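Below: the structure, in structure tokens.
Quick note on labels: first sequence line is chain A, next is B, and so on, each numbered from 1. Note that this is a predicted model, so its numbers are computed, not measured.
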There are 2 protein chains.
Amino acid sequence: MSGRFVPRSRRETRASVLESLLRTGGAFRPVLARETKLTEASISRILSELRKERVVEEVRRSAPYVGGPTALITLSKNVAVAGIELSNNRLSVGVGDLTGTLDYVDRMPVSGQLGQDEFEHLFQESVAAMQEWTDQRGLILSQAAVAIPGYGRGAAGNPIFPWDMPRLTRFIDEIFGDVPVAVTNAVVAQAAFHRYSRTGIYPVASDHLFLFVGHGVAGVIVDETTPVDAFSAFELGHMVIERGGLACRCGHRGCVEAYTSLRAISKIIGVPDSDILSKGDSFIDMLDLGAGMREALRERLLLLGLGLGNALNLHPLSSVVISGWPSLMPSEDRLAILDGLNESLLGGYDASRLALSFIAPSIGNDPRAALYYAAYCFVRSGGLDPRTDPQTALEEIA
Amino acid sequence: MSGRFVPRSRRETRASVLESLLRTGGAFRPVLARETKLTEASISRILSELRKERVVEEVRRSAPYVGGPTALITLSKNVAVAGIELSNNRLSVGVGDLTGTLDYVDRMPVSGQLGQDEFEHLFQESVAAMQEWTDQRGLILSQAAVAIPGYGRGAAGNPIFPWDMPRLTRFIDEIFGDVPVAVTNAVVAQAAFHRYSRTGIYPVASDHLFLFVGHGVAGVIVDETTPVDAFSAFELGHMVIERGGLACRCGHRGCVEAYTSLRAISKIIGVPDSDILSKGDSFIDMLDLGAGMREALRERLLLLGLGLGNALNLHPLSSVVISGWPSLMPSEDRLAILDGLNESLLGGYDASRLALSFIAPSIGNDPRAALYYAAYCFVRSGGLDPRTDPQTALEEIA
DNA sequence: AGCAATGTTTACACTGTGTAATTATCGTGC
DNA sequence: GCACGATAATTACACAGTGTAAACATTGCT
């Protein structure tokens with residue numbers, strides 16, 4: 001009757017406690033116990049360990065009710081992590097702590113046709129500058145993360161930057177030397193950041209597809225029970241929805257990206273693709289200029305909906321969050337997506353079975369997503385150095 | 001340095017030992033220890049437990065080498081499981097043991113347009129007949145499994161049998177009463193059966209997509225590290241690949257299924273859809289009759305490849321196994337699939353990055369897949385009654 | 001100051017594992 | 001037919017990590 005769930009390694013237990021703190025931004029012990037499904041006794045033991053290691057801190061708060069808790073547990077500001085983000089426009093490097101503070105930022109413009117050698121050169125320089133900054137302050141990085149669009153498709157290669165990926169990860173590993181570094185898909189970092197980092201109101205809390213429409217069209221299935229670092233990107237951009245249609249940079253015809261990417265719509269509205277997302281609300285005003293523009297964009301949204309419906313047929317989900325330029329469109333125009341869904345989604349679009357929501361593209365806050373991802377990876381490792389851990393060592397051998 | 005990986009609940013440990021036995025069909029202790037990453041000491045303890053419970057048996061064998069092992073451990077024939085499979089043609093019920101022996105089979109024809117009431121009625125009758133058989137022999141079922149095409153798409157509903165799924169699972173649960181019963185997608189059961197049940201040579205051993213082209217077109221990602229019961233079906237059939245194309249039974253136009261399902265090709269070759277898969281090798285001879293037939297079928301295979309490429313763009317995998325009518329086609333005709341892949345798969349088809357293989361559709365051995373799935377579910381539960389297990393009970397509350 | 005209500009820590013028992021010592025089994029060679 | 005070598009299989013013990021329950025601490029209220 002006791003319903004015990006005993007076995008967990010210390011690392012796992014620490015990880016789930018720390019993850020809970022990262023997601024909530026700070027919690028009282030009883031809450032923590034509930035979230036992690038541990039007893040307060042265990043929480044007490046783990047926290048005293050983590051406090052000794054200066055990974056977490058206690059802040060005294062007045063009790064919220066009679067006899068209530070007084071010690072708010074938060075992640076420590078002593079742990080330094082780094083995040084590096086590559087987008088089609090720039091390479092951003094940042095250093096911060098586990099609470100989300102960004103203490104150092106450096107952004108370099110890059111071209112969309114960036115070659116691998118060129119990138120490596122730039123990367124090395126940027127990291128060197130960052131390390132100078134950390135060395136000056138005596139900071140030691142506990143974790144770094146690099147977010148790259150199109151990353152993580154194994155043998156299929158990167159559809160956005162056609163690079164040698166094993167070489168890239170080796171290169172990055174070497175640059176960072178002793179510091180553990182995680183490389184991930186930009187959209188994974190972004191989804192995790194939006195969903196969990198408490199920087200704004202996120203429209204859904206259950207499993208859903210996060211779809212970003214930028215230079216590429218990529219999604220992630222945000223599965224609430226799966227660790228973020230196991231999320232895998234969902235490259236929607238190169239689904240062929242119109243045989244023999246518009247030519248795409250991938251060499252095929254009729255891809256979703258050929259119709260709905262920033263580059264594709266920049267041709268319609270006559271604004272450089274790099275400017276579109278930064279326009280924010282003024283985007284809509286801009287559209288008033290051309291009468292046929294909105295209609296043309298609605299057609300593109302319909303095609304996006306068609307591809308999205310196809311994707312949802314493969315992997316049914318009851319909720320989708322869309323970010324990117326479609327989120328800047330007037331809400332009546334966005335309805336075109338539903339028309340597309342009606343052409344492909346099994347059973348058609350039905351608000352009771354599919355919730356569609358939009359979230360503003362978060363231009364300007366790079367490399368916060370990568371930084372958050374670095375914090376997440378640190379936390380997932382239980383705040384223990386992966387290199388000295390026997391279990392990980394064992395797995396590496398195997 | 002020791003590389004210990006201690007924490008596992010007894011249930012998990014038992015499950016991994018039993019799963020290993022199910023997959024291999026019997027093993028010696030040292031092999032078992034390696035496969036489960038446990039020490040021989042643990043294996044010894046677990047096996048003595050399982051032997052007492054009569055879930056496993058020991059068969060004496062002459063040692064394969066000096067000082068070699070003599071006791072081959074196998075799953076017991078004492079544990080009875082039931083498998084029920086619904087296809088568009090029939091409802092098959094079987095009872096067997098964990099070794100794959102099928103002791104009782106009953107098959108009833110059903111129509112493709114089966115209504116839910118009608119199905120429930122038939123199901124109840126078939127199960128009653130089966131229970132009469134088990135009662136006569138004093139058998140007590142330890143686990144049952146039901147495999148249904150199109151099952152498991154949550155709120156999205158079943159695209160093949162448009163039924164009320166919560167009602168269906170409730171109904172099935174009630175029918176079986178005390179016996180634990182798992183309901184799953186037919187293609188999941190089939191993939192697991194082909195891949196793990198040692199009934200034939202399976203072409204790949206790594207992660208891959210298993211795609212079955214029958215009345216529907218469905219796939220499963222067979223991920224070697226994920227438990228089979230967590231596999232989720234991949235409904236490729238209703239991806240729209242030709243806007244405004246052929247009408248599909250789902251109400252949309254241009255779905256993969258409208259071009260490549262058994263029903264679709266039965267119109268081309270003039271053979272009833274229910275007969276196609278059972279023709280086996282004579283299928284090819286049949287095609288010789290019509291000159292344009294093969295060309296028409298090749299076109300359909302191209303479209304299948306197009307849809308497959310789209311799916312692989314979303315979820316990159318380096319290996320695909322195809323079963324169903326395409327596997328009966330002459331190998332030169334199957335090359336049309338590659339043409340389709342070349343239109344959609346990022347980077348085009350490349351034998352070094354994508355291995356395509358074919359496996360004969362296993363008509364006639366239903367309900368072996370469901371039976372195997374039942375055995376798998378039993379094994380996954382550690383051979384313990386899930387109802388008396390505190391952990392499961394806890395999870396059910398949550 | 002004392003009390004009620006809750007939070008926090010600690011002593012102890014329990015589960016399940018690995019290590020290492022012990023015991024069992026088999027084939028081989030004399 | 002019996003001792004020996006090689007490996008399999010079991011068992012005693014130590015250790016990690018959890019939950020339970022009791023002890024102790026803190027707070028606000030009267």
Round to the nearest Å and state the distance from [X] atom [atom1] to [N] atom [atom2].
X	N	atom1	atom2	value
B:L38	D:dT10	CG	C1'	16 Å
B:L32	D:dA8	CG	P	13 Å
A:E49	D:dT18	CD	C1'	13 Å
B:R11	C:dT17	CZ	P	14 Å
A:I73	C:dG7	CD1	C1'	11 Å
A:R60	D:dA25	CZ	P	14 Å
A:R8	D:dG17	CZ	C1'	11 Å

Quick one: ring pair (Phe, Tyr, Trp, His ring centres under 6.0 Å) partners of [X], sequence neighbours excluded?
X	answer
B:H315	none
B:F193	none
A:F378	none
B:Y202	B:H208

Contacts under 3.5 Å, N or O only, protein and nucleotides 8-12 of chain C:
{"residue": "C:dT9", "atom": "OP2", "partner": "A:R29", "partner atom": "NE", "Å": "3.1"}
{"residue": "C:dT9", "atom": "OP2", "partner": "A:R29", "partner atom": "NH2", "Å": "3.3"}
{"residue": "C:dT9", "atom": "OP2", "partner": "A:S44", "partner atom": "OG", "Å": "2.7"}
{"residue": "C:dT9", "atom": "O5'", "partner": "A:S44", "partner atom": "OG", "Å": "3.4"}

A:S318 meets the side chain to side chain donor-acceptor pair (under 3.5 Å) criterion, sequence neighbours left out, with none
In short, salt bridge (Lys or Arg N to Asp or Glu O under 4.0 Å) pairs touching residues 20-32 of chain A with sequence neighbours left out are A:E19-A:R23, A:R29-A:E58
>> Less than 4.0 angstrom between a side-chain N/O of B:T13 and OP1 or OP2 of C:dT17, yes or no?
In response: yes
Practice task
Give a yes/no on whether any side-chain N or O of B:R10 is located under 4.0 angstrom from OP1 or OP2 of C:dT17.
Solution key: yes
Review point. Looking at residues at least two apart in the chain, or sitting in another chain, which of them share a side-chain contact (heavy atoms from CB on, under 4.5 Å) with B:L102?
Key: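 Checked B:L102 against side-chain contact (heavy atoms from CB on, under 4.5 Å); matches are B:V105, B:P367, B:R368, B:L371.
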- request: Output yes when A:E224 and A:R195 qualify as a salt bridge under the 4.0 Å nitrogen-oxygen rule, no when they do not.
  value: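 Yes, charged N to carboxylate O under 4.0 Å.
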- Can we say B:R14 and B:E49 salt-bridge, meaning some charged N sits less than 4.0 Å from an Asp/Glu carboxylate O? yes
Using a cutoff of under 3.5 Å, can you pull out all pairs of nitrogen or oxygen atoms linking the protein to nucleotides 2-4 of chain C, with atom names and distances?
none

